[in-house]
Undergrad: 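Quick one: the structure is below, and I'll ask about it shortly.
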Amino acid sequence: MAGTEVSSYPPLFREEKGSIHGGVEGEEGVKVGGGSSESDPLPVMDLECMEMEKLGEVCREWGIFRLVNHGIPLSLLSQLEDHAKRLFGLPFESKEAIFTTPVSYFWGTPALTKSGVALSQTPQNVNWVEGFNVPLSQLPLLQTQDPIIASFRLILEEYGRHLSRIARTLFDAMAKNLGHDPKQYESSLDESSGIVRVYRYPLRPNRDHASHMEVHTDSSVLSILNQDEVGGLEVLKDGEWLSASPISNTLVINVGDMMQVISNDDYKSVIHRVKVAKERERLSICYFVFPEENTVIKSSKYRPFSYNDFRSQVQDDIKTLGHKVGLERFKVNDDSD
C-alpha cells in the first residue's frame, strides 16, 4: 500500500522503512492480486445448494474449500475491511494502548493465550503479521467513545452472527456425512467460542515473496477466511504448495484439528501458510470456532482429550520448542512389542 506510515508498524517491522513508500522499481517475480475462478485450485461449495457427497469428498481430499452464496452482504464485508484498515493505520503505540480487553492487539505471532496475549517468539520465529483478536461473545464489553471503534464493534457483531450461522450449517452437514447425529455433537462446536482475528501483513519491500505466517494447521473445528484482493494464502496438497486466489464475495473454509479428530481422521486439517509478495500489504479476516472447552473428544485414533487440554499442550510446546506439535501429542500409540 503506497504511502503507508511506518509509525503504524511494530518497531521490528520498520527495518526497511527507506523503501516502504510506494512500489519497488524493476520488480520481477510473484504476481499478486487478480485471480479468477478459472485459475483458483480450490474446490467450490455452494451454501444454498449443498452437495453432501461432494462436501465429504472435499473434506477428505482437501480439508479446504471455497464457499459461495454464503449470505453475508458484500457491503458488510467492505465496511469491515475499511474499518480494519483505518485502525491498523493508527500509530503502533496507540493500538497497544487502545486494544487491551476484550479486543486485544498482537504482532509477530498468531499464537495467543486464551486472553488474547501473544506468546513470546524468538527473533528467528517472528511472523510478519499484526492483528486484532476479537472474542465475539465479549464484544458488548468493548465500551468506547470513539465513533470508529464503536462502529467497528457493531459491524463485527453483525459479521459474527453470519459466521456462527455458516459454521453451524457446515458442521451439521459434515456430522451427517460422518454418520453422526448433529444433536449429539452440539457441544463439539460451541458458537460462543467464536473468535475473529483481523490480520495485516505489513510490507517487506526488500524480501521477495517473504513468509508472513509460518506453516501450520488451525486448532479450530472450522476456520472461515475472508481475504482481500492481494492474496498470499498457500495450501499444501499432495506435496505441492497451491495458491488460493483472492476472489471477491467468497469465503475460504478450513477444516481444523478438532474436526480431524471428530471425524476420526477421515477429514484432514489443512496445512497452510501465508506468503505475500513485497509490493503490497495484505488484509485478511478469519473466524475460528472451537468445541466447548471441557467437552471430551473421543476417537479411536487419539486418546480422549478436551479442547482445553489441547490448547494447553500447544502453548506449552510453543513456549518450550518454539513451534506447535498439535495432534501428534494425542495420537494413540499403535506400536506393539
Undergrad: Can you tell me how far the CD atom of Glu292 sits from the OH atom of Tyr307, to the nearest 0.5 Å?
TA: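 If we round to the nearest 0.5 Å, Glu292:CD and Tyr307:OH are 14.0 Å apart.
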Undergrad: List for me each residue that meets side chain to side chain donor-acceptor pair (under 3.5 Å) alongside Asn177, sequence neighbours excluded, and say none if there are none.
TA: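 For Asn177, no residue satisfies side chain to side chain donor-acceptor pair (under 3.5 Å) once neighbours in sequence are set aside.
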Undergrad: Quick one: side chain to side chain donor-acceptor pair (under 3.5 Å) partners of Thr217, sequence neighbours excluded?
TA: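 Here the qualifying residues are Asp257, Lys324.
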Undergrad: Assess, by modelled atom type and distance only, whether the side chains of Gln260 and Tyr302 contain a donor and an acceptor separated by less than 3.5 Å.
TA: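 A donor-acceptor contact under 3.5 Å links the two side chains.
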Undergrad: Do Ser263 and Met174 have side chains that get closer than 4.5 Å, going by heavy atoms?
TA: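 When only atoms from C-beta onward are counted, Met174 and Ser263 do not touch, as no gap falls below 4.5 Å.
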Undergrad: Roughly how far, to the nearest 0.5 Å, is CG of Asn249 from CD1 of Ile72?
TA: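 Between Ile72 CD1 and Asn249 CG, I get 8.5 Å after rounding to 0.5 Å.
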Undergrad: Salt bridge between Arg311 and Glu293, side-chain N to carboxylate O under 4.0 Å?
TA: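 Between Glu293 and Arg311 there is a salt bridge, with a charged N closer than 4.0 Å to a carboxylate O.
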Undergrad: Between Phe132 and Phe88, what is the ring plane arrangement, given parallel below 30°, perpendicular above 60°, and tilted in between?
TA: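 Geometry flag for Phe88 against Phe132: parallel rings.
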Undergrad: Is the number of heavy atoms from other residues, nucleotides or ligands under 6.0 Å of Lys298 NZ greater than 12?
TA: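 Check fails, neighbour count at 12 or below.
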Undergrad: Taking the six-membered ring of Tyr267 as reference, does the cationic atom of Arg60 (NZ for Lys, CZ for Arg) lie under 6.0 Å from its centre and within 45° of its axis?
TA: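 No - Arg60 does not lie over the ring of Tyr267 by the 6.0 Å and 45° rule.
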Undergrad: For the residue pair Tyr185 and His180, does the interplanar ring angle fall in the parallel (under 30°), tilted (30 to 60°) or perpendicular (over 60°) class?
TA: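 Because their plane-to-plane angle is under 30°, the rings of Tyr185 and His180 count as parallel.
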Undergrad: Using distance alone, with no hydrogens and no angle criterion, decide if Arg165 and His162 have a side-chain donor and acceptor under 3.5 Å apart.
TA: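 Yes, His162 and Arg165 have a side-chain donor paired with an acceptor closer than 3.5 Å.
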Undergrad: Go through the side-chain N and O atoms of Tyr201 and Glu281 and say whether any donor and acceptor fall under 3.5 Å apart.
TA: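 Not at all, the side chains of Tyr201 and Glu281 share no donor-acceptor pair under 3.5 Å.
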Undergrad: Please check if the number of heavy atoms outside Lys54 that lie under 6.0 Å from its NZ is greater than 12.
TA: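 Check passes, neighbour count above 12.
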Undergrad: Side-chain heavy atoms under 4.5 angstrom apart, residues restricted to Ile, Leu, Val, Met, Phe, Trp, Tyr: same cluster for Ile98 and Leu87?
TA: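 Yes: a chain of side-chain contacts under 4.5 Å links Ile98 to Leu87.
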Undergrad: Hey, can you tell me if Phe13 and Trp107 have their rings parallel, tilted or perpendicular (30° and 60° cut-offs)?
TA: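 Perpendicular: the ring planes of Phe13 and Trp107 meet at over 60°.
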Undergrad: Pairing donors with acceptors under 3.5 angstrom, does anything connect the side chains of Asp218 and Ser220?
TA: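 Result is no, nothing qualifies.
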Undergrad: Do we see a donor-acceptor contact under 3.5 Å between the side chains of Asp309 and Gln313?
TA: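 No - no donor-acceptor pair under 3.5 Å links their side chains.
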Undergrad: Which residues pass the salt bridge (Lys or Arg N to Asp or Glu O under 4.0 Å) test with Arg303, not counting sequence neighbours?
TA: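 Arg303 satisfies salt bridge (Lys or Arg N to Asp or Glu O under 4.0 Å) with no other residue.
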